[in-house]
Amino acid sequence: MKGTYILLLKLEKSVSLKHGKKTSHLKPGYYTYVGSAMGGFSKRIPRYFLGPQKKHWHIDYLLDHAKIAGLIMFHGKRLEEKIAGVLSSYFEGIEGFGASDLGVKSCLFCVDPFELFSLLGGFRENRDTRRPQKHRGKQDQGG
């Protein structure tokens, strides 16, 4: 399956990160990276969790310093540029990061995760999404 994905990343310490000809100074906090996997999610996504054997993309270098805190996948079309364009209206982008082949300035954004999930579909803190469990055994008859 192919499509577009969003990685939510947590950076615990400041880092100076070289990507291409630029160097970005990232402060601790949450970041989101928008990417595409037109060769398939099964090829692209595992490299982020397992670590790439060879660094190729800007995100590979950031993942040496950040932890993955979440992942959202959109199967089908390549929506990377469109999603990055929307996120740029709400969050500060790290100019030039991951966007060298696109018409946007960045694919990496400093985010508030609650605002991000609210924007993407109504995430609410402390919401219990579990269904109530029905008791399936015999009731204690007491005695």
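Keep in mind that the numbers below use all heavy atoms, side chains included, and drop hydrogens, waters and symmetry copies. All figures in this text were calculated on a predicted structure; none of them were measured in a lab.
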State plainly whether one hydrophobic cluster holds both Ile72 and Met38, where clusters connect Ile, Leu, Val, Met, Phe, Trp and Tyr through side-chain heavy atoms under 4.5 angstrom apart. no
Do the non-hydrogen side-chain atoms of Leu9 and Leu63 ever get within less than 4.5 Å of each other? yes
Do Leu62 and Leu26 make a side-chain contact, defined as non-hydrogen atoms from C-beta onward lying under 4.5 Å apart? yes
Can you confirm whether Phe74 sits close enough to Ile6 that some side-chain heavy atom of one is under 4.5 Å from a side-chain heavy atom of the other? yes
Between Arg44 (side chain) and Ser36 (backbone), is there a donor-acceptor pair under 3.5 Å? yes
side-chain hydrogen bond (donor to acceptor under 3.5 Å, both in side chains) partners for Ser16, two or more places apart: His25
List for me each residue that meets salt bridge (charged side-chain N to carboxylate O under 4.0 Å, His left out) alongside Lys13, sequence neighbours excluded, and say none if there are none. none
Stepwise side-chain contact (heavy atoms from CB on, under 4.5 Å) check, Arg47 with Asp60: CA-CA 9 Å; Arg47 73 181 278 120; Asp60 294 335; 2.7 Å; yes
Just jot down the side-chain hydrogen bond (donor to acceptor under 3.5 Å, both in side chains) partners of Tyr5, sequence neighbours excluded, or say none. Tyr48
To the nearest 0.5 Å, tell me how far Glu95 CD sits from Leu108 CG. 12.5 Å
Side-chain heavy-atom pair Lys82, Thr4 within 4.5 angstrom cut-off: no
What are the two closest heavy atoms between Ala84 and Cys107, and how far apart are they? CB-SG, 4.4 Å
Contacts of Glu115 that satisfy side-chain contact (heavy atoms from CB on, under 4.5 Å) - sequence neighbours left out: Phe91, Asp112
Quick one: side chains of residues 27-34, donor-acceptor pairs under 3.5 Å with protein atoms, not counting sequence neighbours, listed by atom name and distance.
unit_1, atom_1, unit_2, atom_2, d
Tyr31, OH, Lys27, N, 3.1
Tyr31, OH, Lys27, O, 2.7
Thr32, OG1, Leu7, O, 3.1

Below 4.5 Å, heavy atoms only, C-beta onward: do Leu87 and Val111 meet side chain to side chain? no
Could you report the tightest heavy-atom contact between Ser88 and Gly85, atom names first, then the distance? OG-O, 2.6 Å
Could you walk me through whether Leu71 and Phe49 pass the side-chain contact (heavy atoms from CB on, under 4.5 Å) check? CA-CA 11 Å; Leu71 170 67; Phe49 288 93; 4.2 Å; yes
